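Since the structure comes first, as structure tokens, the remarks are kept for the end.
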Amino acid sequence: MLTIKKVATLVSNYQEVNSHESIDGCGRNCLGNCCLPGSNLPLYTFSKGNGGVKVKPFKSNEQPQIGFLHNLLLGQWEDRLSRALFRYDVSNCETKIIPGHFGFIAQLNEGRHLKKRPTELRVDQVIQPFDGNKFNFTKIGQEEVLFRFEESNDGNSHFFPSAPAPQNLSSMTVVAINVSPIEYGHVLLIPHVHSCLRQMIDQESFWLAVQMANEAADPFFRVGYNSLGAFATINHLHFQAYYLALSFPVETAPTRKIMTVKGLEDRGVIVSRLLDYPVRGIVFEGGRTLQDLSDSVASSCIYLQNNNIPFNVLIADCGKRIFLFPQWYAEKQAFGKVRQELLDTQVNPAAWELGGHIVLKRRKDFEEASETYVCGLLAEVSLSEERFQEVLAFVLEAHHLSACKQHSAETIKHLTPDCSVIC
């Protein structure tokens, strides 16, 4: 078994040393079955593909409209900050732009390093069984939850300051604080928290993440995902997101369109690869609808995880531009193939780092951070060109075959002369 020790993990204020202890009857106002039934939580319902319009409040005739990101999400996040629910104040962390061609962003976050305990993560399997005895998000406190996040029934967005928990708890999706934040407004999107889903993307959960970016309606709010084997540290399905009023270097990197692919072309999705950037990655944008774009990326992620290829995702531009990074840093680290000077910095390169926001844990590394260091780190993360081409070919072929199957089903009784060309 391949394992990595000393990998930072997301932990709740309620995580206990004995992770096997039952939470039944805990009396700590958690999200578990012992405390949640009968509770009330704020509820935000989004309009499918509404482009981030302002929402109607609970009493629209008495209160002003609420903007999802700046008034609601960040406002609730600051409320939890004032209540000392975080392990440290991330707003005190120093940030700088590293001089050079790319403009990498470096942050010194000593608190994240000092406040976390070592954990052990298997890195040779992207898909692993859920273990309810280990820490999972049903064990967090209800005060860590900012609001539930669900699609509305009437096509409009609404905010309800207090709403009873649904009878079917498995349907409940929540947005909660990350108690060890990387940046301002750092939150977790936890789809169907009581279903206890493994850290695996599916079409529905990825759509929720894209919708969250879309609702924010601000390009400085990004959503990220890390698979197991690519520095996800909790095997309970979750996405991360935060607000940073700077352009990520990857967002300004040049791209080159990849040849048209049946299936993606039908959806109007444009697929490109990054150029002149230290990590090889795939860029998805366009689409006839936001759902088409979301489904295309989700299908690619599903292919990667089913073929045991670790990856990271960065959702940018309000959900309209999505970066997919297959990576092998943890694999190389487990086999002792990463340079010691990189290991000494204890940076775990996940979605944020691959986008160009580097979180450093030691002041020495922060003060000495250079573009050469970051490029060297990201180069270790990146697949080789040969392996990247193989993965890319398989991903595109998966979309092509899916389109052919759909086409065959639709035309089985009415084959056209050029069917062989289409498929």
Side-chain angles (χ1 to χ4, degrees), residues 1-12 15-21 112-113 115-140 178 180 182 188 190-193 195-202 205-206 224-240 279 300-313 324-340 342-354 359 361 377-378 380-384 387 390-391 394:
M1 180 192 301
L2 298 177
T3 60
I4 291 179
K5 295 183 178 180
K6 296 184 179 179
V7 177
T9 183
L10 299 170
V11 292
S12 163
Q15 185 170 357
E16 298 181 10
V17 173
N18 181 4
S19 62
H20 296 275
E21 183 177 342
R112 187 171 175 83
H113 172 55
K115 299 291 184 179
K116 285 188 173 295
R117 63 180 184 174
T119 187
E120 191 168 281
L121 170 68
R122 183 167 181 169
V123 300
D124 62 335
Q125 290 186 3
V126 174
I127 299 176
Q128 300 177 33
F130 180 86
D131 185 349
N133 290 320
K134 294 182 179 180
F135 174 74
N136 63 78
F137 296 114
T138 66
K139 299 181 180 182
I140 68 175
N178 184 340
S180 296
I182 286 176
L188 307 174
I190 311 168
H192 310 306
V193 58
S195 293
C196 294
L197 302 172
R198 295 175 288 178
Q199 184 71 350
M200 292 173 53
I201 281 178
D202 57 59
S205 64
F206 196 77
Y225 175 86
N226 305 316
S227 79
L228 298 181
F231 297 102
T233 55
I234 303 266
N235 188 19
H236 189 179
L237 182 58
H238 64 283
F239 297 82
Q240 303 188 49
V279 182
S300 300
C301 295
I302 291 168
Y303 171 83
L304 292 178
Q305 62 198 17
N306 287 345
N307 286 274
N308 206 33
I309 301 171
F311 63 93
N312 308 93
V313 178
L324 175 60
F325 304 99
Q327 71 144 292
W328 60 357
Y329 188 85
E331 175 186 336
K332 294 171 70 174
Q333 187 176 359
F335 281 112
K337 295 182 179 181
V338 178
R339 301 195 311 273
Q340 188 61 45
L342 294 179
L343 295 176
D344 289 344
T345 65
Q346 301 181 52
V347 173
N348 301 316
W352 310 121
E353 285 78 13
L354 271 59
V359 181
K361 303 170 183 177
L377 172 67
L378 298 186
E380 293 282 1
V381 176
S382 180
L383 299 185
S384 66
R387 189 165 176 179
E390 291 174 355
V391 170
F394 284 133

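All of these numbers come straight from a predicted model, not from anything done at the bench. Values below: every heavy atom of this structure, side chains too, minus hydrogens, waters and symmetry copies.
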Donor-acceptor contact present, side-chain [X] to main-chain [Y], <3.5 Å:
X	Y	result
H236	F135	no
N136	K134	yes
N235	Q128	yes
N178	L188	no

I need the single residue from F325, F311, W352 that forms a ring-ring contact (aromatic ring centres under 6.0 Å, His included) with Y225. Which is it? F311
Note, [X] side chain near [Y] side chain (heavy atom, < 4.5 Å):
X	Y	answer
V391	L304	yes
V359	E353	yes
S205	L197	no
E390	L383	no
P310	V123	no
L377	T345	no

Could I get the full list of side-chain hydrogen bond (donor to acceptor under 3.5 Å, both in side chains) partners for [X], not counting sequence neighbours?
X	value
S300	H399
N308	none
Q327	N312
N306	none

Using salt bridge (Lys or Arg N to Asp or Glu O under 4.0 Å) as the criterion, list what pairs up with K332, not counting sequence neighbours.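 So K332 forms a salt bridge (Lys or Arg N to Asp or Glu O under 4.0 Å) with E380.
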Steps toward side chain to side chain contact (heavy atoms under 4.5 Å, CB included) verdict (N348, K361): CA-CA 10 Å; N348 301 316; K361 303 170 183 177; 3.7 Å; yes
Distance (rounded to the nearest 0.5 Å) between [X] [atom1] and [Y] [atom2]:
X	Y	atom1	atom2	answer
M200	Q305	CE	CD	4.5 Å
I127	L228	CD1	CG	9.0 Å
S195	I190	OG	CD1	12.5 Å

Considering residues at least two apart in sequence or located in another chain, which fulfil the ring pair (Phe, Tyr, Trp, His ring centres under 6.0 Å) criterion with F394?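 Counting only residues at least two positions away or on another chain, F394 forms no ring pair (Phe, Tyr, Trp, His ring centres under 6.0 Å).
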Over all heavy atoms of both residues, which pair between A351 and V313 is shortest? Give the atoms and the distance, please.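 In terms of heavy atoms, the two residues are closest at CB-O, 3.5 Å.
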Which atom names give the shortest non-hydrogen contact between S384 and W328, and what distance separates them?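 Here S384 and W328 meet closest at N-CZ2, 3.5 Å.
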Could you label the plane-to-plane angle of the F137 and H238 rings as parallel, tilted or perpendicular, counting under 30° as parallel and over 60° as perpendicular?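 Judged by the thresholds at 30° and 60°, the geometry between F137 and H238 is perpendicular.
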Name the orientation class of the two ring planes belonging to F231 and Y329 (parallel below 30°, tilted from 30 to 60°, perpendicular beyond 60°).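 Judged by the thresholds at 30° and 60°, the geometry between F231 and Y329 is tilted.
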